Amino acid sequence: MDELDAILQQRQSNMTGLTGKTIVLGVTGGIAAYKAAELVRLFVKAGATVHVAMTESATRFVTPLTFQALSGNTVWVDQWDTRMSNGMAHINLTRQADLTVVAPATANFIAKLAHGNADDLLSTLCLARDCPLLVAPAMNRQMWSNAATQRNIAQIRADGIDILGPDSGEQACGETGEGRMLEAAEICAAVVAYFQPKLLAGRRVLMTAGPTFEALDPVRGLTNLSSGKMGFALAQACANAGAAVTLVSGPVSQATPIGVARINVQSAMQMREAVLKEAPRSDIFIGVAAVADYRPATTAVDKIKKSGETLSVEFIRNPDILAEVAALPSAPFCVGFAAESRDLDTYAQGKLVAKKLQLVVGNLVQDGMGGDTNTVVLFDATGRHPLPTSSKEELARDIVAHLSSLLS
Ligand code: C5P
């Protein structure tokens with residue numbers, strides 16, 4: 001089997017992050033139960049089979065029918081339900097599951113988990129499970145900060161249960177503080193991350209992403225159409241693979257990937273400064289940013305007023321951040337990107353050699369920048385490795401897999 005076949009086969013088993021996975025979603029009685037409906041939709045969209053188990057009080061907020069319609073599976077509430085042939089829903093459900101997630105998890109349910117209570121189907125199922133358990137707390141800020149809750153959280157964490165969130169912000173009760181459940185998309189992303197092989201465990205990854213903004217005056221400047229999507233997807237994939245990731249980002253509207261430390265910059269010079277500061281403690285540097293090749297020689301202190309028919313601006317060359325990092329005495333493993341409009345192989349191979357990189361991710365820019373999918377070819381010392389056209393998230397996982405194979 002050649003390398004492309006291997007990647008395609010791996011892709012099929014990892015098509016959308018949760019393909020082939022079975023998840024038991026426990027829903028307990030808090031207002032955030034409405035977010036659990038969206039969570040089921042996202043799990044299913046990512047390829048998972050979902051079985052929902054609700055507490056009696058959860059059914060006061062959202063009906064079992066909602067979860068049944070979204071999951072396409074029977075919803076379980078009653079521990080005395082006779083629909084399971086052996087009458088043992090609490091055992092059977094988790095025996096087929098890869099993961100149990102309780103979202104939202106109320107203070108009461110967390111207390112039950114901490115003490116091993118089993119007085120309804122969901123708590124019994126959690127006690128009888130033989131798969132990992134992730135819990136997303138959701139409660140009023142006072143309930144969350146209460147010493148009893150904090151004691152219970154510490155206990156369940158010590159018992160090996162992973163806690164997702166909670167977030168802080170505006171609460172359904174009108175108060176503001178910590179205790180709000182994470183958004184469904186954040187929980188789904190954390191679950192996808194949970195299943196990723198930890199190919200970069202213990203590695204420190206430094207990355208750049210997005211465009212740079214080169215100021216002409218206080219209100220204007222030069223930038224480009226880089227959306228930052230590829231860089232942010234790659235940062236998330238590296239974090240999901242177990243790396244400690246620092247992302248130096250130009251101005252973009254992307255949400256910070258979960259578990260990634262983000263440093264915001266504007267210009268190429270600021271990006272260079274941030275990167276050179278972090279580079280000595282990095283094992284891998286990935287330059288995804290579309291760094292401006294030139295910047296205005298001077299930045300006007302005041303807004304430039306119109307006068308005359310033409311305006312001349314002098315530009316000076318920006319330093320090449322990637323080449324500079326690759327030339328450091330104990331340089332990290334360096335990965336570059338090459339977006340070309342023609343002669344991809346020649347230019348990408350050229351960059352590999354000229355900038356002294358270990359890997360170049362090349363693509364032909366045909367439909368402009370900012371799309372959700374891409375077609376890339378990986379170039380390394382052994383040659384060219386084309387990847388199938390796919391979403392930037394899937395490409396990011398493939399790039400991480402290839403990168404980790406080169407590291408080892
Ligand atoms: O030479 P070119 O700009 O095409 O190289 C692209 C690669 O180099 C990308 O990985 C980009 O992030 C990086 N680069 C850089 N600093 C620059 C220009 C490009 O780090 N000034």
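Atoms within each ligand, like the ligands themselves, are counted from 1 in listed order. All values below were derived from every heavy atom in this structure, side-chain atoms included, with hydrogens, water molecules and symmetry-related copies excluded. If you're wondering where the values come from, they're calculated on a predicted model, not measured in any experiment.
- One finds a salt bridge joining Asp345 and Arg384 here, because a Lys/Arg side-chain nitrogen approaches an Asp/Glu carboxylate oxygen to under 4.0 Å.
- Listed by first and then second residue, the salt bridge (Lys or Arg N to Asp or Glu O under 4.0 Å) pairs involving residues 201-227 are Arg204-Asp283, Asp217-Arg220 (not counting sequence neighbours).
- Remark: Arg83 is positioned above the aromatic ring of Trp76, its terminal NZ or CZ atom under 6.0 angstrom from the ring centre and at most 45 degrees off the axis.
- Residues lining ligand 1 at a heavy-atom distance below 4.0 Å are given as Gly287, Val288, Ala289, Val291, Pro319, Asp320, Ile321, Leu322, Gly336, Phe337, Lys351, Lys355, ordered by chain and residue number.
- Between Arg157 and Asp162 no salt bridge is recorded (no basic side-chain N to carboxylate O distance below 4.0 Å).
- A salt bridge does not link Lys229 with Glu393: none of the charged nitrogens is closer than 4.0 Å to a carboxylate oxygen.
- There is no side-chain donor-acceptor pair under 3.5 Å between Asn73 and Ser71.
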